[in-house]
Amino acid sequence: MDSEIAIAPHDPLPLSHELDENGFPIGSSSTDDDDDGDYEGYGDGDGEGRDVEDAAIADESSDAVSTFAADFYGSGTDWSSLVAAEEEGRKEKKGGLVQRSLLQMWGIKKPKEYEEGSGGMARNLGRKRRRSAMGGEEHVDRVDRRKGQEMKLDRPRVCPFYKKIPGTPFTVDAFRYGQIEGCLGYFLSHFHHDHYGGLSKRWSHGPIYCSSLTARLLKMCLSVNSLYICPLELDTEYDIEGVKVTMLDANHCPGAAVIHFRLSDGRTYLHTGDFRACKLMHSHPLLLNHRINVLYLDTTYLNPKYRFPPKEDVVDFVVKKTHNCLKKQPRTLVVVGAYSIGKENVYLAISQSLEVPIYANASRRRILQSFGWPELSGRLCSSGQSSPLHVLPLSFLRHENLKEYLKTLNKRFTAILAFRPTGWTFSESTGNQLDLIKPSTKGNVTIYGVPYSEHSSFTELRDFVKFLRPEKIIPTVNIGNAASRDKMQAYIREWLKV
DNA sequence: GCGATCAGTT
DNA sequence: CACAACTGATCGC
């Protein structure tokens, strides 16, 4: 199956390309694969997260036998080094990364009174109390470091294999590993913190390829040197280092791209970045009736417990609730929460339906303007008094905050109706019914959590994979523990049967 | 003051 | 409840 991948002459990324039938590198002592098609249906989802992960961690620190997770995270530039992996980096997952506070970025100052409330106390206590559960040496290091006592130097973070595109000198969303040996092109799938982490104005390790919208954000928000930024238009094929590269719309946040690589030997790789699969992708000329050899898949919600409605349905729901509420209380302020970029359609739809402008503060307006979407730009306004529709940082959407916020608006409004568009909401796990969503109300502040997801649901993933039928799949999310990997593999195998 | 890192928060 | 994606504290330099 996996015949040789021709390595381009200039290609210094020493990637072995042998993958096992699950898309994991051969020789990495992949998962204990005996429990093949076991599904045990839904529901036993709990326990999966923490416990198993801790088990995996314990494994890693103690064992001589290499677990997949250890190998996986410890893997260096070469897949063949997986076996000899050091146990570093098990925490690769998502790190706190650069970027100044978004609140600051959005120009919102935290009221003094919230700075040292019970929250602060709880946090400090939590910090002290923590740090016991997961023994192991690394832990000790960390404690020492906090005390400022003789600490070891931090081992450098190593780029995990799934961020490298074999047979090419490229990586995807790998900016937190310094210079990566042999990497001549650093691709960025989209402008979210956990993907661009490591990028700053000091970046100098090589060219960054991304959509032009993302490119603008890199300059505006992170002051990345333009010398290194290589904007690519969507649906346009580029020849980069002898590889044909095309970015497709990922249906995630603005500027998010799915990246299609065609190697000179004809092999094709598709990296989804973060994406929400949809029917439209099924008809893309690069995907329809074309073989994909390896699919790097955003497996965030690859579990049947993650069911949520189409975005359109959620938007309809939000618009309807808004209308109802305004009918009863015409002087209601409607608030939509959003952190960096993404979920714009929620407030755009309200704006269009109510025929009111959208208030956002200066820094958010600047970012939204940079999208170059006239229908959005044209509706932005700079005075909170002149619109009953405000966009605020997600973290601000709490009863105390909104109550205060209402006061600052000088009686122009008498109540607040707020929406937090989050990916998956627990209330949703019981069913797929939007009507079941109950808001949380305190006084004149009502907050709805709505399942507006910019990642694929389980069924959307299934349909996408069954449509694409790639030769191999490499999951890029939820791979930190064996149980979840096994489960995902089992589903994928099932989908690709016959 | 900046960047990295970790835990915590919603 | 558990998600993704962020904030805040604290370290080194």
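Numbers restart at 1 for each chain; the letters A, B, ... are given by sequence-line order, proteins then strands.
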Would you mind reading off the distance between [X] atom [atom1] and [N] atom [atom2], rounded to a whole angstrom?
| X | N | atom1 | atom2 | value |
| --- | --- | --- | --- | --- |
| A:Arg398 | C:dT7 | CZ | P | 14 Å |
| A:Leu394 | C:dA4 | CG | C1' | 10 Å |
| A:Tyr301 | C:dA2 | OH | P | 13 Å |
| A:Tyr196 | B:dG3 | OH | P | 12 Å |
| A:His455 | C:dA2 | NE2 | C1' | 13 Å |
| A:Leu397 | C:dA5 | CG | P | 17 Å |
| A:Phe308 | C:dA2 | CZ | P | 17 Å |
| A:His193 | B:dA7 | NE2 | C1' | 14 Å |

Considering just the side-chain nitrogens and oxygens of [X], establish if one lies under 4.0 Å of OP1 or OP2 belonging to [N].
| X | N | result |
| --- | --- | --- |
| A:His252 | C:dA5 | yes |
| A:Arg176 | B:dA4 | no |
| A:Tyr339 | C:dA4 | no |
| A:Lys201 | B:dC2 | no |

Out of [options], which nucleotide sits closest to the side chain of [X]?
| X | options | value |
| --- | --- | --- |
| A:His192 | C:dC3, C:dA4, C:dA5 | C:dA5 |
| A:Arg202 | C:dC3, C:dA5, B:dG3 | B:dG3 |
| A:Asn478 | C:dA4, C:dA5, C:dA2 | C:dA4 |
| A:Arg420 | B:dT10, C:dA5, C:dC3 | B:dT10 |
| A:Ser200 | C:dC6, C:dA2, B:dG3 | B:dG3 |
| A:Ser340 | C:dA5, C:dC6, B:dT10 | C:dC6 |
| A:Trp424 | C:dA2, B:dC2, C:dT7 | C:dA2 |

> Do A:Arg493 and A:Gln489 have side-chain heavy atoms sitting under 4.5 Å apart?
Replying inline: yes
> Which residue pairs pass the side-chain hydrogen bond (donor to acceptor under 3.5 Å, both in side chains) test when at least one of the two sits in residues 215-228 of chain A, sequence neighbours left out?
Replying inline: none
>> Strictly by salt bridge (Lys or Arg N to Asp or Glu O under 4.0 Å), give each pair with a member in residues 445-461 of chain A just once, sequence neighbours left out.
In response: A:Arg276-A:Glu460
> Counting any heavy atom closer than 4.0 Å, what does A:Thr300 reach on the DNA or RNA strands: base, sugar-phosphate only, or nothing?
Replying inline: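 A:Thr300: backbone/sugar contact only, no base atoms under 4.0 Å.
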> If you measure from the Lys or Arg side-chain nitrogens to the Asp or Glu carboxylate oxygens, is any gap between A:Lys407 and A:Glu404 under 4.0 Å?
Replying inline: yes
> Can you list the steps and then say if A:His193 with A:Tyr339 is a side-chain hydrogen bond (donor to acceptor under 3.5 Å, both in side chains)?
Replying inline: CA-CA 11 Å; A:His193 205 227; A:Tyr339 14 65; over 6 Å; no
